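Worth saying up front: this structure is predicted, and the values here are computed from it rather than measured. Atoms within each ligand, like the ligands themselves, are counted from 1 in listed order.
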Amino acid sequence: MNVVIVKNYQELSVRAAQLVADQITRKKNIVLGLATGQTPVGMYQGLIKKYKKGEIDFSQVVTFNLDEYYGLSPEHPQSYHYFMWDTFFQHININKEKIYLLNGITDNIDEECQRFEDLIKKRGGIDLQILGIGDNGHLGFNEPAIGLKSKTHLVNLSKATIHANVKYFNDIKEVPRQALTMGIGTIMKAEKIILLASGRKKSPVIVKTIKGPVSTEVPATVLQLHNEVTIILDQDVASKL
Ligand code: F6R
């Protein structure tokens, strides 16, 4: 694991945007795996800035998002569809035919998950996967468990995740209890992975991720088994390493 420690969130975002931009320059039709949540927002803003300066062309870039809440339509303001369009896609010249997100209101879960897996394969696999990490070590919505699923699947969100996400909803009752997520195997098949983490709250889980034993109870520890992982941390989150 290549661990990069930078001063603060702003530097983390600049560094991550530069790494992604370098990969797009290297391969114009790169397949990116994308994450939502607060952590990558600064990186998306950095990429938009680079696009506006004419430094990146997204026209051939393909994207797959990690996850989507089950039961939320693409138009729902808390859906990850909505987040991605609002935060990133609407600001760049990406071709909407090349954007893939899981359908949170599918009436056939197995078919939807298989469709996603098949599309990733058809597009040649993920070249670069961006990840955030949950306070409990989840990747995508692969929650701590006795066993982890390899492929895209429906998952019951943990109490910790439901509570962590309540800030985005009016009431805890509105927070979806389930989500569709890429599996750990799908994530681990990416050629390169960048994990971003910031803030003191996540420092215990970052210590476990980098130094702890590989355990399904901290899903992010599986990244220790991947050959090309870069972890970008700010000083706060790295303070206990
Ligand atoms: C989001 C995702 C999640 C988040 C994680 C951290 O697509 O897959 O695993 O990356 O919950 O979220 P933030 O960045 O909001 O702390």
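Comment: Lys201 engages Asp135 in a salt bridge, judged by a side-chain N to carboxylate O separation of less than 4.0 angstrom. With respect to Lys27 and Asp127, a salt bridge is recorded, a charged nitrogen being found less than 4.0 Å from a carboxylate O. A salt bridge between Glu228 and Lys192 is present, with a side-chain N of the basic residue lying under 4.0 Å from a carboxylate O of the acidic one.
Residue Ile133 approaches ligand 1 through these ligand atoms, each under 4.0 Å from one of its heavy atoms: 5 (C), 6 (C), 10 (O). Distances below 4.0 Å separate heavy atoms of Leu66 from the following atoms of ligand 1: 8 (O). Those atoms of ligand 1 with a heavy atom of Lys202 less than 4.0 angstrom away are 6 (C), 13 (P), 14 (O), 16 (O). Atoms of ligand 1 lying under 4.0 Å from at least one heavy atom of Thr39, given by number and element, are 13 (P), 14 (O), 16 (O).
In this structure, His91 has its ring center at least 6.0 angstrom away from the ring center of Phe88.
Below 30°, between 30° and 60°, or above 60°: for Tyr69 and Tyr80 the angle between ring planes is between 30° and 60°, a tilted geometry.
Counting protein heavy atoms only, atom 10 (O) of ligand 1 is closest to Gly132 CA, 3.3 Å. Protein heavy atom in closest approach to atom 9 (O) of ligand 1: Gly140 O, 2.8 Å. Gln38 N, 2.8 Å is the protein heavy atom nearest to atom 15 (O) of ligand 1. With respect to atom 5 (C) of ligand 1, the closest heavy atom belonging to the protein is His138 NE2, 3.4 Å.
At a heavy-atom cutoff of 4.0 Å, ligand 1 is contacted by the side chain of Asp67 but not by its backbone. At a heavy-atom cutoff of 4.0 Å, ligand 1 is contacted by both the backbone and the side chain of Thr36. Counting heavy atoms closer than 4.0 Å to ligand 1, residue Thr181 contributes nothing at all.
Taking every heavy atom of both residues into account, Met43 and Ala16 meet most closely at CG-CB, 3.7 Å. In terms of heavy atoms, Val205 sits closest to Thr209 at O-OG1, 2.7 Å.
Within a 6.0 Å radius of CD in Gln10, no more than 12 heavy atoms belonging to other residues, nucleotides or ligands are found.
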